[in-house]
2 protein chains.
Amino acid sequence: MTTTNARPRSGRRPGASGTRAAIAAAARVQFGDVGFDRTTIRSVAAAAGVDPALVMHFYCSKQQLFVETMALPFDPAPVVADLLAGERETIGIRLAHFLLHAMEDPAVSTVLLGRIRAAASDPEAARLLRDLVPGELVGPLTRELGVDQPELRAGLVSSQLIGFAVARWIVGVEALAALDVERSIAFLGPSLQRFLAGPLP
Amino acid sequence: MTTTNARPRSGRRPGASGTRAAIAAAARVQFGDVGFDRTTIRSVAAAAGVDPALVMHFYCSKQQLFVETMALPFDPAPVVADLLAGERETIGIRLAHFLLHAMEDPAVSTVLLGRIRAAASDPEAARLLRDLVPGELVGPLTRELGVDQPELRAGLVSSQLIGFAVARWIVGVEALAALDVERSIAFLGPSLQRFLAGPLP
DNA sequence: GTCTATAAGCAGATAGAC
DNA sequence: GTCTATCTGCTTATAGAC
C-alpha cells in the first residue's frame with residue numbers, strides 16, 4: 001500500500017523493495033488463520049523470507065503489526081449509503097448479499113476472521129471489532145433507517161453476522177460450510193431484515 | 001466432584017483434600033476469562049494456591065486440564081427431551097429460555113464461553129464446540145422434529161446462539177450487554193423458531 | 001534497508017526428594 | 001500428595017554492525 005503508491009513524484013522513493021508489503025501479506029495470512037497469540041514475529045518473518053528484526057524495524061511492535069495489517073480493505077461508508085438508498089423491505093437480504101460476497105475475497109475474509117479470532121482472547125481487539133461491526137457497519141444503517149432502538153437492532157444484527165462467521169469459518173460447522181453464497185444469503189436475509197426493520201417485541 | 005462424592009464407603013478415601021477441585025475451579029475461571037492460550041499452568045497453580053507441578057501431577061497436560069475442566073455441568077439429553085415434549089410452535093422461545101437462563105449460572109457460562117474462546121484459535125477446541133452445540137444440543141432437536149434439512153437448521157440455530165454469546169459476553173456489544181434475560185429471549189426466540197421449524201427458502 | 005547477536009523472560013513438561 | 005529444581009524451547013524486543 002504505502003510502498004507502491006501510484007503517484008510517481010520527483011523526490012527520492014520512500015521504500016526500496018516490496019519487503020514491507022511482503023511482511024504485511026504474511027502477517028495478514030497468519031493473523032487470519034491462527035489469531036493473534038499464535039502468530040509470532042518469527043513465523044511471519046520466515047513466511048515473508050526476511051529477518052525477524054526487520055519486522056520490528058517496520059512495525060515497532062506485534063500489536064502495531066496487527067492493527068496496521070488488519071485494517072479493512074474497503075471503506076464502509078459508501079456501502080452503508082448504498083444499502084440505505086435501496087428499498088427498506090430488502091435491506092436485510094442486501095446486507096447479507098454484500099457481506100457474504102465480500103467474504104469471498106480473501107483480503108476481506110482474512111481481516112474479518114482475524115479480528116474475530118483476536119477478539120476472543122484480547123479485550124483490546126474486542127474493542128476493535130465492536131468499533132467495526134456494530135460501530136461503523138451496522139450502527140449507521142439502523143440509525144439512518146429511522147426505526148426504534150437503533151443501537152439494540154445493530155447489536156442483534158451484529159450477533160447474527162458474527163455468529164455465522166464464527167460457525168461457518170472458525171468452528172467449521174459442516175452444514176454451513178457446505179452452503180454456497182446465494183443460499184447463505186437466502187437463509188440469513190430474513191433474520192437480518194427482522195432485526196433491522198421488523199417489529200421488535 | 002471426584003473427591004467429595006457423597007457416598008461414604010468403607011475403603012480408603014480416594015483423594016486427600018479438595019486440592020484437585022481447587023485447581024479445577026481456578027482453571028475453569030481462567031479458561032473462561034482469557035481462553036486457552038493465555039491461561040498458564042503457573043497462573044492456575046498460583047490462583048489455586050498450589051505448586052505448578054501439582055497441576056501437572058493431576059492432569060498430565062494443559063490440554064487434558066482444559067478438556068476435564070470444560071465439561072458441561074449438565075446433561076443435554078434430558079433438556080432436548082423436555083424441549084421436544086412441548087409445543088413445536090414455541091420451541092424456539094423455549095430453547096432461548098433454557099440457554100439464556102443457564103448462562104446466568106457461572107458454572108455454565110464459564111464453560112461455554114471458555115469453549116468458544118478456545119475454539120477461536122485451536123482447531124481441536126473448535127471440534128469440541130462443534131460436537132457440543134450443533135452436535136449434542138441442537139442437532140438432536142432438529143432431527144427429532146421431523147423437519148427438512150435438520151443438519152442445516154441445526155447449523156443456523158447454532159450460528160445465532162454462538163453469535164449472541166460472542167457479541168454479548170466476549171465482544172461486549174453494549175446494547176446487548178444491557179439486555180435482561182427475558183428481553184433477550186423475546187428477541188432471539190423468533191429467529192430460532194424460524195431456523196428450527198419455520199419455512200426455509 | 002538488512003541482518004547478527006543477544007538480552008530478559010516465560011512457557012510446558014520432567015525427575016525425583018520428602 | 002506435595003514441592004524443589006531444572007531442562008528445553010520459545011517469545012518479544014533492543015542495540016548496533018554493515
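Values below: every heavy atom of this structure, side chains too, minus hydrogens, waters and symmetry copies. All chains are named by letter (A, B, ...) in the order of the sequence lines, taking the proteins before the strands, and each is independently numbered beginning at 1. Computed from a predicted model, the values in this text were never measured in an experiment.
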Can you tell whether the side chains of B:Arg38 and A:Asp122 come within less than 4.0 Å, N to carboxylate O?
yes
Atom-pair distance (NE2 on A:His57; P on C:dT2), nearest Å:
8 Å
Of the options D:dT2, D:dC3, C:dA13, whose atoms approach the side-chain atoms of B:Phe58 most closely?
D:dT2
Starting the side chain at C-beta, find the nucleotide from C:dT14, C:dC3, D:dT14 nearest to A:Met56.
D:dT14
Atom-to-atom span, CG of A:Leu65 to C1' of D:dA13 - whole angstrom
14 Å
Roughly how many Å is it from OH in A:Tyr59 to P in C:dG1, rounded to a whole number?
12 Å
In whole Å, I'd like the distance from the CG atom of B:Asp37 to the P atom of C:dC10.
18 Å
Looking only at side-chain N and O atoms, does B:Arg42 come under 4.0 Å of OP1 or OP2 in C:dG12?
no
Ignoring backbone atoms, test whether B:Thr19 places a side-chain nitrogen or oxygen under 4.0 Å from the OP1 or OP2 oxygen of D:dT2.
yes
Between A:Ser43 and A:Cys60, which residue's closest nucleotide on DNA chain D lies nearer the 5′ terminus?
A:Ser43
Suppose the criterion is side chain to side chain donor-acceptor pair (under 3.5 Å): which pairs have a residue in residues 161-176 of chain B, not counting sequence neighbours?
none
Heavy-atom nearest pair, A:Leu200 first then A:Leu156, reads CD2-CD1, 4.4 Å
When rounded to whole Å, the CD1 to P distance for the pair A:Ile41 and C:dG9 reads 19 Å
Separation of C:dG12 atom C1' from B:Phe66 atom CZ, nearest Å, is 17 Å
Can you figure out which of D:dC3, D:dT14, C:dT2 approaches the side chain of B:Val50 most closely?
D:dC3
B:Asp51 CG to D:dT6 C1', in whole Å, measures 13 Å
How would you label the contact of B:Leu54 with the nucleic acid (heavy atoms, under 4.0 Å): base, sugar-phosphate, or nothing?
base
We want to know whether A:Gln160 and B:Ser159 form a side-chain donor-acceptor pair, criterion being a heavy-atom distance below 3.5 angstrom.
yes
Per atom distances to the A:Ala53 side chain, the nearest of C:dG12, D:dT14, D:dA13 is D:dT14
Under 6.0 Å from the ring centre and within 45 degrees of the ring axis: does the NZ or CZ of B:Arg194 meet both conditions for the six-membered ring of A:Phe187?
no
Among the nucleotides C:dG12, D:dG1, C:dC3, whichever has the atom closest to the side chain of B:Lys62 is C:dG12
